[in-house]
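Here is the structure we will look at, set down as structure tokens.
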Amino acid sequence: MDSTESAASPRARRSSLVAPAPLPADFYRRPSDTVARELLGARIVSELGGVRVAGEIVETEAYVGPHDAASHAAERFGRTNRNDPMFGVPGTVYVYLIYGMHWCVNVVTDAEEYPAAVLLRAAMPVEGLEVMRERRMGRPDRELMRGPGNLARALAVTGEHNRHVLDRPPLWIAPGREVAIEEVNAGPRIGITQAVDWPLRFWVAGDPHVSKSV
DNA sequence: CTTGAGATGTTT
DNA sequence: AACATCTCAAGA
């Protein structure tokens, strides 16, 4: 580090504005549906693969606890090897493979030892678009991070990153834009067959980066 | 724009 | 046998 650049220098203060501090663990230490709603507008940042990419979250789903039959940690499954990260520390990541080929990124929520999480379903690309276009093979920009499998692909997240703490490189979430409650829509979760009527999917109304707007 | 089928590996 | 999905091709 350069000795001419003290922590109190204007440059240091300015850079802390450009790169806000990651969300603290207490942010995640709340009911899953609350966290899912409040993650809209937050920024997920990845330096996996050596280049920084980032997106503003526009769509999430809450998996709220053992009584949630659609959850990987629903009561009938108990605690297993796969869902164990959901019992972990709030603010860590739970990554799993779906349909044998797509990784999905979840944020662990609520209390430790209580299995709950938020699936990140879509984001608006804001940084590192060139790398994401390569990872997504020439897709239009609005589709780079649209859908949970695509989002993971754009961020280069895989099962290796399971349980990573989301407050530090190479993968973290920081505050982004403030999303007013009037901008938020809620509806049934996608691709599940249990608890289909629970409105636990949240998205930014009208945003073209959302996977499905209904 | 929509619909439908196939890919693919882990979990129960 | 099901699965918290995606892509491509074909049709409207």
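Per chain, numbering begins at 1; letters A, B, ... match sequence-line order.
- DNA chain B is contacted by A/T80, A/R82 of residues 78-87 of chain A, taking any non-hydrogen atom closer than 4.0 Å.
- Using a 4.0 Å cutoff on non-hydrogen atoms, the parts of residues 191-200 of chain A near DNA chain C are A/G191, A/I192, A/T193, ordered by number.
- Contacts of A/R139 with the nucleic acid, taken as non-hydrogen atoms under 4.0 Å apart, involve only primed sugar atoms and P, OP1 or OP2.
- Connectivity analysis of hydrophobic side chains (ILVMFWY, heavy atoms under 4.5 Å, direct or indirect) links A/V89 to nothing; its cluster partners are none.
- Of all the residues in residues 149-156 of chain A, A/G149, A/N150 reach under 4.0 Å from DNA chain C with at least one non-hydrogen atom.
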Base-pair map of DNA chain B as dot-bracket, where | denotes pairing with a different strand and pairs are Watson-Crick or G-U under 3.5 Å: |||||||.|||.

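- Residues from residues 88-107 of chain A with heavy atoms under 4.0 angstrom of DNA chain C, sorted by number: A/Y96, A/I98, A/Y99, A/H102, A/N106.
- Mapping heavy-atom proximity under 4.0 Å, the span of DNA chain B touched by chain A runs 5' to 3' from B/dA7 to B/dT12.
- Listed by chain and number, the hydrophobic cluster partners of A/Y63 are A/M86, A/Y94, A/Y96, A/I98, A/Y99, A/V108, A/L119, A/I192, A/V196, where partners are ILVMFWY side chains within reach of under 4.5 Å, directly or through others.
- Near DNA chain C, meaning a heavy atom under 4.0 Å away, the residues from residues 111-128 of chain A are A/L119, A/R121.
- Other members of a hydrophobic cluster containing A/I190 are absent, since no ILVMFWY side chain comes under 4.5 Å of it, directly or through relayed contacts.
- Here chain A contacts DNA chain C (any atom closer than 4.0 Å to a heavy atom, that is under 4.0 Å), and the contacts span C/dC3 to C/dC8 from 5' to 3'.
- Other cluster members for A/W198: A/V64, A/L200, joined by side-chain heavy-atom distances under 4.5 Å among Ile, Leu, Val, Met, Phe, Trp and Tyr.
- A salt bridge links A/R52 to A/E47: one of the charged nitrogens lies within less than 4.0 Å of a carboxylate oxygen.
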